[in-house]
Amino acid sequence: MKNPNILFIQVDQMLAGSLTAYGNTFARTPNLDLIAQRGVVFETAYCNFPLCAPSRFSMAAGQLCSTIGAFDNAAEMPASIPTYAHYLRSFGYQTSLSGKMHFIGPDQFHGFEKRLTADLYPADFSWVPSWADEGERDTNDPRSVLISGICERSVQIDFDEEVTHKAVRHVYDMARSSDDRPFFMQVSYTHPHEPYLCRKEYWDLYEDTDIPPPSVPPMGENRHDAHSVRLLKDFGMLDFSFDDEDVHRARRAYYGSISYLDEMIGKVLAALKSTGADKNTAIIFTSDHGEMLGERGMWFKKHFFEPSLRIPLLMSAPWIKPQRVSEFASLVDLLPTFNGLATGSGWEADVEPLEGLDLTTLLDKGNPEPQRAIHAEYLAEATLAPIFMIRRGKYKYISSSKDPALLFDVDADPDELTNLADRADLQGVVSGFKSEVREKWDEEELTTRILESQRRRNLILSAQKNGTPPRWNHGEEPGEEVIWYRGEGGYNEWAFDYLKEPKN
């Protein structure tokens, strides 16, 4: 079908294994299960940077973050980089965004004609890292697990309620509008990103559910790889031991948040159906990255282990047959895929080289074994140098000039417990990956760019603290009071300021 509407639903920090389509046996997600049953399940899909803003920027641009200069959660998304919203507008689409995109910089549209909500996090350089002096940060620490469970209301719930309300209303607004252009609409939620909190009605869904503990228990420092040790130190979790009750409570609230999301998504889908737009709308669902959720004693993201890197990716449309696709996919594939949906399968870029592939070209091919390689990178805080990842066939290779290499046979060792990088009989495999890394990335040049960018942004951030700081966030004036986080005050004090369940 040519020129269909496209609804792109994105969530934040969702494990692929949270959904029935990926083997989960206990999560309550009827709406997402229906999308999977009626559509395409990409069995092995990855983000290209396991951190919120860079993941979204590489996804929007169809290019790796090292190419576009989006190095961390405070790196500007250049206005000169075309996004899928720009491409789709050039094809005659009306484009809108409801929810989180985490754009950094003065351009808060990047091709979207309409932004229906503000964003949740700062659009300035508040979170710029400094490899030279990391200092202490106010995010990602043991409180996320210790302060978990039931809440009546949080800022994150407020945000996702508004995202849903504005998205539903916009579906109806487009239906009664005289604008007959097809639409591309992105609906982007902040759950199930920590804090691990959910309302009681979603907590209660799991009252009699056997939520399994992490597959891999916490490890001692000597069993962790170098990057994991840095992350755990950065999180204040290296020598921190959580009780089984704390871990279970956080995991239960995480799944409660996913059930909450499923209900919000159901409201958007109901609006599509009630307007008749569902008959010519393609739906794509994914997350920006995964979540460690206690595996190996680790939480959050920022690593290339499967729970952090692997994401759900579903596509459904009335004209696409239900099927599963084994070929590897990643978020940089979405730009060419949206363009393929809009203009016809097999779209190819003619403006600049892109990293991804139009995934519609993989459909109805009998589901052969994976042939592609997937590339990912980590360039943000808690590292000493760029870290690169290549997934090819059964192997995953992780490389940094400052850390020992990691090589895992993901098929035989899905928990990635055995590093094969030093095995004598696999040195040919390791050598091939080393060559591929050198060909793909110029680490020395990239490191120079990253450090220079950090120094520049830190200077700008420091300078803007004098006088009235700018407010680049969509629809806001400098100094305006909002409930969203704007880098003023402590993040954790903001994130954990929630309305507790009333006592009987």
Side-chain angles (χ1 to χ4, degrees), residues 11-15 17-18 24-28 50 136-157 190-221 223-224 228-261 289-303 305-308 382 415 417 490-504:
V11 298
D12 195 328
Q13 209 158 299
M14 181 187 277
L15 277 161
S18 301
N24 189 288
T25 59
F26 60 85
R28 273 66 165 180
E136 290 189 14
R137 277 186 303 280
D138 185 36
T139 57
N140 296 137
D141 66 28
R143 283 175 287 185
S144 292
V145 179
L146 297 173
I147 305 176
S148 61
I150 304 173
C151 78
E152 274 305 297
R153 202 73 175 187
S154 68
V155 180
Q156 283 87 344
I157 292 174
T190 185
H191 284 89
H193 190 291
E194 91 283 343
Y196 308 111
L197 296 165
C198 70
R199 295 185 63 188
K200 188 175 185 301
E201 63 182 294
Y202 304 101
W203 173 269
D204 287 348
L205 289 174
Y206 297 90
E207 178 64 34
D208 299 315
T209 301
D210 181 17
I211 299 176
S215 300
V216 182
M219 300 176 173
E221 181 175 350
R223 291 191 60 204
H224 280 295
S228 293
V229 170
R230 284 194 304 270
L231 289 174
L232 286 165
K233 285 181 178 178
D234 193 63
F235 300 158
M237 292 181 172
L238 183 60
D239 300 316
F240 199 100
S241 180
F242 295 110
D243 293 339
D244 291 346
E245 181 183 348
D246 293 327
V247 173
H248 180 268
R249 187 179 63 251
R251 287 168 68 89
R252 180 173 173 178
Y254 179 81
Y255 283 102
S257 292
I258 289 173
S259 294
Y260 163 75
L261 274 179
H289 49 73
E291 158 71 70
M292 290 302 295
L293 206 62
E295 295 292 337
R296 320 166 83 96
M298 299 177 70
W299 298 80
F300 321 126
K301 56 270 185 180
K302 303 184 184 181
H303 208 298
F305 292 126
E306 291 287 284
S308 172
D415 291 325
L417 292 172
Y491 172 81
N492 278 324
E493 279 58 47
W494 171 83
F496 296 122
D497 183 14
Y498 63 95
L499 183 64
K500 296 178 174 61
E501 179 196 13
K503 294 181 179 180
N504 294 330

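Predicted, not measured: the structure shown is a model, and the values here were computed from it.
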Subject >> CA sep, side-chain torsions, deciding dist, call: E194, V145, side-chain contact (heavy atoms from CB on, under 4.5 Å) >> reply: CA-CA 9 Å; E194 91 283 343; V145 179; over 6 Å; no
**OP:** Applying side-chain contact (heavy atoms from CB on, under 4.5 Å), run through L261 and M14 and close with a yes or a no.
**Re:** CA-CA 11 Å; L261 274 179; M14 181 187 277; 4.3 Å; yes
**OP:** List the steps, then state whether side-chain contact (heavy atoms from CB on, under 4.5 Å) holds for V155 with D497.
**Re:** CA-CA 8 Å; V155 180; D497 183 14; over 6 Å; no
**OP:** Answer yes or no for R143 and F496: cation-pi contact, defined as NZ/CZ to six-membered ring centre under 6.0 Å and angle to ring axis within 45°.
**Re:** no
**OP:** Mark yes or no: R28 above the aromatic ring of Y206, with NZ or CZ under 6.0 Å from the six-membered ring centre and no more than 45 degrees from the axis.
**Re:**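 The answer is yes, since R28 meets both limits relative to Y206.
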Subject >> Partner of H191 by side chain to side chain contact (heavy atoms under 4.5 Å, CB included), out of D12, I157, V11 >> reply: I157
Original post:
For residues 229-241, which residue pairs qualify under salt bridge (charged side-chain N to carboxylate O under 4.0 Å, His left out), counting only residues two or more places apart or in two chains?
Top reply: R137-D234, R230-D403
Are any non-hydrogen side-chain atoms of [X] and [Y] less than 4.5 angstrom apart?
{"X": "Y491", "Y": "N140", "answer": "no"}
{"X": "R252", "Y": "E207", "answer": "yes"}
{"X": "P142", "Y": "F235", "answer": "no"}
{"X": "P214", "Y": "R251", "answer": "yes"}
{"X": "Y255", "Y": "L293", "answer": "yes"}
{"X": "E291", "Y": "P192", "answer": "no"}
{"X": "E295", "Y": "S215", "answer": "yes"}
{"X": "F240", "Y": "L146", "answer": "yes"}

Original post:
Do other residues, nucleotides or ligands put more than 12 heavy atoms under 6.0 Å from E493 CD?
Top reply: yes
**OP:** Take atom CZ of R223 as the centre, draw a 6.0 Å sphere, and report whether it contains more than 12 heavy atoms from other residues, nucleotides or ligands.
**Re:** no
**OP:** Could you walk me through whether F26 and D210 pass side-chain contact (heavy atoms from CB on, under 4.5 Å), step by step?
**Re:** CA-CA 8 Å; F26 60 85; D210 181 17; over 6 Å; no
Original post:
Relative to the ring of H303, is the ring of F305 parallel (under 30°), tilted (30 to 60°) or perpendicular (over 60°)?
Top reply: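 Parallel: the ring planes of F305 and H303 meet at under 30°.
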